[in-house]
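Note that ligands are numbered from 1 as they come in the structure, with each ligand's atoms numbered from 1 the same way.
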Amino acid sequence: MTSLIYSSGWKNVSLIDVYNSVSFTLWLCGCNLKCPFCHNWRLAENDPGVCRWVSIDEVVESLSASLMFIDYLHVTGGEPLLQWRPLSKLFQEAGDSLGVKRSLNTNMTLKEPFNRLLEAGLVDHVATDLKLPYRELYGLPADVSDRLWENYLENLKLVSEHDIPLELRIPVSRLLKPEVLEESLTIIGKHLHKLSNLVIIIQPLMGPPVTTPRSVEWCVKNCAIDGDFLSLLNDVLRKHGFTKIAVREEPA
Ligand code: SF4
């Protein structure tokens with residue numbers, strides 16, 4: 001039986017979705033978070049106006065035509081792990097049949113599916129946000145956010161144990177205080193320092209007219225950060241021993 005995946009489409013060759021790499025990028029619909037700054041919120045909400053069922057075969061066929069140009073098949077969303085079964089099949093085919101490396105952009109709040117993919121050796125690169133303060137950025141009730149944050153921390157440990165190349169993106173809003181970042185780095189630093197390939201991307205959040213976020217009101221209040229603040233965050237990261245840091249000024 002043909003496997004289907006709910007997707008808003010793909011880009012055959014992308015230069016911006018994986019740091020310093022070229023990718024074939026596939027967007028999957030649906031998400032378990034409700035980040036107020038999300039600019040992909042229509043696909044995160046499974047909007048049938050932007051999402052459709054596509055067969056894995058169709059994706060693989062298109063992917064195979066891009067092979068000579070790309071470093072990764074990069075799957076993003078939404079939250080791709082909500083569709084972990086067809087995603088596993090796609091990653092399996094991409095690796096076994098086409099020999100392409102697989103990159104997963106995930107919010108890392110779902111434990112079981114993430115564990116399955118990693119244990120099966122299906123993920124060669126992970127991109128994830130360090131959303132701080134998570135209670136504000138997850139857009140969910142506090143108790144739910146707390147549970148998902150625990151999952152995030154456990155999944156980060158898993159990435160570290162498997163030593164998977166990690167692109168850790170820090171979305172920066174006015175709610176991110178240096179002391180909040182400090183506190184978080186104290187908790188996760190031990191996992192991050194074990195990784196042999198880690199890049200940290202400081203990503204200032206942008207509001208309209210550059211993006212169309214889920215909550216325009218939230219973004220008008222909390223997005224748009226000045227350069228001095230970004231330097232301050234950079235200093236905090238360096239103080240904690242991280243040196244491979246980049247700033248990304250466009251939404252990804
Ligand atoms: S920013 Fe990412 S994790 Fe948050 S709602 Fe949007 S797709 Fe989901």
Could you tell me the residue and atom name of the protein heavy atom closest to [atom], and the distance to it rounded to 0.1 Å?
| atom | result |
| --- | --- |
| atom 2 (Fe) of ligand 1 | K131 NZ, 4.2 Å |
| atom 4 (Fe) of ligand 1 | C35 SG, 2.3 Å |
| atom 8 (Fe) of ligand 1 | C31 SG, 2.3 Å |
| atom 6 (Fe) of ligand 1 | C38 SG, 2.3 Å |

Side chain, backbone, both or neither: the part of N107 lying under 4.0 Å from ligand 1 by heavy atom:
side chain
Suppose I only count heavy atoms of L33 and a 4.0 Å limit; which atoms of ligand 1 are within that range?
3 (S), 5 (S)
Salt bridge flag under 4.0 Å for residues R52 and E58
yes
Do K34 and E45 meet the salt-bridge criterion of a basic N to acidic O distance under 4.0 Å?
yes
Checking heavy-atom distances from atom 7 (S) of ligand 1 to each of C29, P36, G78, the winner is G78
Mind checking whether R214 has a heavy atom under 4.0 Å from ligand 1?
yes
What is the ring orientation for H193 with F242, classed by angle as parallel under 30°, tilted 30 to 60°, or perpendicular over 60°?
parallel
Check whether the SG atoms of C31 and C38 are less than 2.5 Å apart, and answer yes or no.
no
Checking salt bridge (Lys or Arg N to Asp or Glu O under 4.0 Å) for the pair E217/K221: CA distance, chi angles, key distance, verdict?
CA-CA 6 Å; E217 193 187 359; K221 200 167 148 205; over 6 Å; no
May I have the step-by-step check of salt bridge (Lys or Arg N to Asp or Glu O under 4.0 Å) for R102 and D124, ending in yes or no?
CA-CA 5 Å; R102 298 136 305 182; D124 303 296; 3.0 Å; yes
